[in-house]
Structures are given as C-alpha cells and as structure tokens.
Amino acid sequence: MNGEPASWAEPYPGYLDQDVSRFFYRWGGHLSSSLVRARSRFDGDLDQYLLYLIFLLADLSESMAQASQPRRISGRPRGLNALSLADITRIPRESARRKLLALAERGYLVRDGEGLFVLGDQYGLDQFFGDLRPLFWDRPEPGASDARRGAA
C-alpha cells in the first residue's frame, strides 16, 4: 500500500477501472450531498464552512509540522483575524467578521485575548473527514458496473 492509510485502499478489486463518466457522475452526487450536509451544519452558509475549513487546514498543517519536527515546541495555536481571512477567501472583511463571530458563538471557533480566532472543539477533523468520506470513495456495489456492461 506504499505507506498509505488502510482507509485509502481500493474498496474492491477493479474499483478504479470503472467507467469514468459513471464514476464522476456518482462523485458529483456525493459532492452535492456533502455540500448540503455542510450547508445545514453551518446554518445554510457555505462561506462559514469555507472560513472554518481555513482553520481546520491550519490546525492540520500545524499537527503535521509538529509530527515531522518533534523537538519543535509549539505555543498556543496561531490565530487569524477577519482581515487575513477576507484576503484568503475573498469574502468582504465585514462579512467575514460577522461570520467568524457567528462561528465563535456556536463553538466552532474561539476568540483569544488578542481578538484573533482559533479553532474550537465543536466540529473536529474526524467529523469533517467523515462528512467528506463519500468524495474519496463512492460505494457502488462490487460487480454492478460489470453487470450493466453485460446488459448494454
């Protein structure tokens, strides 16, 4: 498996040999379902999801850096402000600020003493990747594409 996690293994033999158009059709369906779940989790606001994703990825990056440099002493998580996030996401600063405050109010983010936002504990990496798992492997029935080819 070349050092990849077991969860990345091909779900069944021949999975990656499926008809590409069917694969992307199913993947598009999974993407839309994932976005619907994210939208509902973040009060119908995909911009909030995008802002949260920036924090989640920053936290993941910090974890990876710590794992690769165990002697590195990390202080508290680095916070971000509305201006930085507005630049990153291209969401207007005042809108970004309002959305960040809403995320903090619901526990997705925490505001530190300097007014910077850091990742909260409301929705962690496991939940995030669990929600997106269908994008990595859709779950067609083994042999279903072979049966359809025979019927065509």
Side-chain angles (χ1 to χ4, degrees), residues 1-12 15-141 145:
M1 268 205 270
N2 303 332
E4 295 174 345
S7 62
W8 291 11
E10 190 173 5
Y12 61 86
Y15 176 85
L16 296 176
D17 297 326
Q18 296 179 75
D19 179 355
V20 173
S21 59
R22 284 189 178 130
F23 173 81
F24 282 112
Y25 177 79
R26 283 191 304 269
W27 186 85
H30 292 312
L31 174 62
S32 62
S33 295
S34 295
L35 290 173
V36 166
R37 273 192 305 280
R39 188 173 182 270
S40 66
R41 184 181 294 276
F42 289 87
D43 290 339
D45 190 340
L46 286 175
D47 282 347
Q48 284 186 21
Y49 183 68
L50 174 60
L51 289 165
Y52 181 78
L53 180 59
I54 300 295
F55 286 93
L56 198 63
L57 292 173
D59 190 60
L60 184 59
S61 174
E62 183 67 25
S63 296
M64 292 181 338
Q66 287 177 5
S68 68
Q69 300 174 6
R71 294 178 191 210
R72 182 174 157 209
I73 298 174
S74 177
R76 63 186 172 91
R78 285 183 276 172
L80 296 167
N81 63 27
L83 181 60
S84 298
L85 288 158
D87 287 343
I88 292 167
T89 62
R90 298 185 182 191
I91 297 171
R93 186 177 62 82
E94 184 55 29
S95 295
R97 187 188 69 75
R98 277 193 319 273
K99 292 170 190 293
L100 291 166
L101 290 171
L103 288 167
E105 186 176 303
R106 292 194 336 269
Y108 289 98
L109 300 177
V110 175
R111 199 159 190 196
D112 69 13
E114 297 172 15
L116 300 176
F117 294 90
V118 296
L119 193 61
D121 60 1
Q122 178 64 25
Y123 178 61
L125 276 174
D126 289 341
Q127 291 171 300
F128 174 78
F129 284 115
D131 284 349
L132 295 181
R133 182 182 166 119
L135 295 177
F136 302 112
W137 292 118
D138 63 353
R139 290 171 253 167
E141 296 174 26
S145 61

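The model shown is predicted, which means the values in this text are computed figures rather than measured ones.
- In this structure, CG in Leu53 is found 10.0 Å from CG in Leu60, a value given to the nearest 0.5 Å.
- In this structure, the side chains of Leu101 and Arg97 come closer than 4.5 Å at one or more pairs of heavy atoms.
- The closest donor-acceptor contact from the side chain of Ser33 to the backbone of Gly29 lies under 3.5 Å.
- In plain terms, the two heavy atoms of Ala102 and Gln48 that are nearest each other are CB-NE2, 3.8 Å.
- Looking at Arg37, its side chain does come within 3.5 Å of a backbone N or O of Asp131 through a donor-acceptor pair.
- For the residue pair Ser84 / Asn81, a side-chain donor-acceptor distance below 3.5 Å is found, with atom types taken as modelled.
- Enclosure of atom CD in Glu105 is not indicated, since only 12 or fewer non-hydrogen atoms of other residues, nucleotides or ligands lie within 6.0 angstrom.
- By the 4.5 Å heavy-atom criterion applied to side chains, Phe128 and Tyr49 are counted as neighbours.
- Once rounded to the nearest 0.5 Å, the distance linking CG of Leu119 with CG of Leu80 reads 10.5 Å.
- The CG atom of Leu100 sits 10.5 Å away from the OG atom of Ser95 when rounded to the nearest 0.5 Å.
- Across all non-hydrogen atoms, the minimal contact from Phe42 to Arg106 is CA-NH2, 3.6 Å.
- Evaluation of the side chain to side chain contact (heavy atoms under 4.5 Å, CB included) rule for Thr89 yields Leu50, Leu51, Ile54, Ile91 as partners, not counting sequence neighbours.
- The structure places OG of Ser40 at 11.0 Å from CG of Leu35, a figure rounded to the nearest 0.5 Å.
- For the atom pair Asp59 CG and Met64 CE, the distance stands at 11.0 Å (nearest 0.5 Å).
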